[in-house]
Amino acid sequence: MENNWKNKIDGLLLRREKVEEAGGKERVEKQHQKGKLTARERMEALFDDGTFVEINDMITSRATDFGMDKKKRPSDGVVTGYGKIFGRVAFASSQDFTVGGGSLGEAHAMKICRAMDMALDMKAPFISINDSGGARIEEGIDSLSGYADIFYRNTISSGVIPQISVILGPCAGGACYSPAICDYIFMTRQNSQMYITGPAVVKSVTGEEISAANLGGAQVHSSTSGVAHFVYEDDLSCLNGVRRLLSYLPQNNEDYSMVVPTTEVDRCDTLTDIVPADSKQAYDVRDVISTFADENSFMEIQPDFAKNIVVGFARISGKTVGIVANQSAFMAGSLEINASDKGARFIRFCDCFNIPILTLVDVPAFLPGSQQEHGGIIRHGAKMLFAYSEATVPKVSVIMRKAYGGAYIAMNSKGLGADVVYAWPVAEIAVMGAAGAVAIIGKRAIDAAEDPISKRQELIDEYNEKFMNPYVAAEHGYVDEVILPSETRERIVAAFDMLEAKEKTLPYKKHSNIPL
Amino acid sequence: MELSYEQIVSMAVAAICEETGEAPENIRVVSFREAHKSPLQQYIADNNIHYHKYQLGE
């Protein structure tokens, strides 16, 4: 063939066509029939229109064992590259299930690692879209080593750039550890599955019969295991969710979140209707958040896991804020193992990425009981205290109602380094509730009284009068101001404005040793 | 209905003029190529999916 431009260009275009065919029309059709997009379609949905640039599209496997040299695997089953999301650079990998089941081999892993290295060098977020049958057995230890290379990079990048894992198909075995190290995991109800050991092996080893969905589907991981953070119906809505999450986050740990002007809201004059003055009556704390967060700006994380604590991102005057709030409507907002894990992880993420934290407090206690004690509430609860103490981002608290005992301390109290603490007039800040306190400190007086029941009530009334209010804490400096609920937004905005230039450094250490 | 290259370019120029208020004689067509639906756009069209890519502030 004559060596001229036309031939060479035609040759390149033909190669590109072959690459873009991926696993072929039939396999692409099968993917679509399952309600799944292809790897490149997912990249198009993730990035701003026309901005995705694929890299290393022609990489193929060098393996020769088991006839691998005779198998065509375009792009070695993964699409990698970069593009823009809201005009900001991001990097991504997207496993291609139509090519060898998206199995991971040496070249596949190398491509992902290269994209991860670029993301870290450019200090930009990395999104990994998982849809893979797992390790490519034909490549043996090279596959396993590929996974290790990825996990290492996830770890080194942790806390430096946001890392998001999107599970849009199977993710089994050791492959789960990459998402586990990432900051946020997205799943879809239709097609996502994650488990270390699949149903077949579970049955053969333990005899337990369980479906893939019940073992590791989106429902399980979003409500029981706490592994997943967001669940959507399908690929398109899920990738939109990823875009939405990224809109709240900075590019890296030296950057700040974008200011996104939206409709500001101040309906704090309705707070006295939303939150009952009687601390035994429940309400939904998300209704509280909606009175001061910018319109429709609250993006809740893990809404179905550890419902007794609500965490998520919101905007106030266009600026991202992380919110941690006790949920009165579930378990009276008490803290326990799962809530402590959920809260601590979120607080630490906000601190990694310079996102100020607002804490809304209405907490009666750490949940008592042998299940909690034997489950390790001591070390799990300690995570909340540790996370707040270590966080150097601006920290503002509003004590709405109950704040008792160790749970009060754990919810960003002054002693843990809260910058500003507000309290409503109905706040009750005390070691414990009146009945419990009187049972201990008033025992002798009650036992000695002619009418123990009246004496007990008298002591409870006295305790309530003296301690079940925010003023003792205000007098001792643990509350900066007792505010009207209608003043809440105004005070929060003023506090975060004042704290914008906050800079705090901790003593030098290689890294802390948070209880795990 | 098949349109000629000239007809398509004329329609495009007319649309730009209407959008920008610019006079046609001030528009110069530098290059022109046919844009096909992307695979994603085709998938959305084939399956009648109501889809809107998330934009900032929504």
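In what follows, every chain begins at residue 1, and chains take the letters A, B, ... in the order their sequences are listed.
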Mind checking whether A/Leu236 and B/Ile44 have side chains closer than 4.5 Å, heavy atoms only?
yes
Whatever's closer than 4.5 Å to a heavy atom in chain B on A/Asp49 counts as both
>> With a 6.0 Å cut-off (strictly less than), is the heavy-atom count around CG of A/Asn296, excluding the residue itself, greater than 12?
In response: no
query = Is a side-chain donor or acceptor of A/Asn240 paired with a backbone partner of B/Lys53 at a separation under 3.5 angstrom?
reply = no
Does atom CZ of A/Arg27 have more than 12 heavy-atom neighbours from other groups under 6.0 Å away? no
Heavy atoms of B/Leu56 and A/Ser247 approach each other most closely as CD2-CB, 3.6 Å
Would you say CE of B/Met11 has more than 12 non-hydrogen atoms from neighbouring residues, nucleotides or ligands within 6.0 angstrom? no
| message | Please check if the number of heavy atoms outside A/Lys34 that lie under 6.0 Å from its NZ is greater than 12. | response | yes
Under 4.5 Å to a heavy atom of chain B? For A/Phe47 that would be backbone
Would you call the rings of A/His32 and B/Tyr43 parallel, tilted or perpendicular, where under 30° means parallel and over 60° means perpendicular?
tilted
To the nearest 0.5 Å, atom CZ of A/Arg243 lies from atom CD of B/Gln55 at 5.5 Å
Item to check | Test item: A/Glu44 and B/Gln41 side chains (from C-beta on) under 4.5 Å apart, heavy atoms | outcome: yes
A/Glu26 atom CD, over 12 foreign heavy atoms within 6.0 Å: no
CD (A/Glu41) and OG (B/Ser38) are apart, to the nearest 0.5 Å, by 8.0 Å
Taken to the nearest 0.5 Å, the spacing of B/Tyr51 OH from A/Asp234 CG works out to 10.5 Å
Checklist entry - With a cut-off of 6.0 Å (strictly less than), are more than 12 heavy atoms of other residues, nucleotides or ligands near OH of A/Tyr82? => result no
Whether over 12 other heavy atoms sit under 6.0 Å from A/Gln33 CD: yes
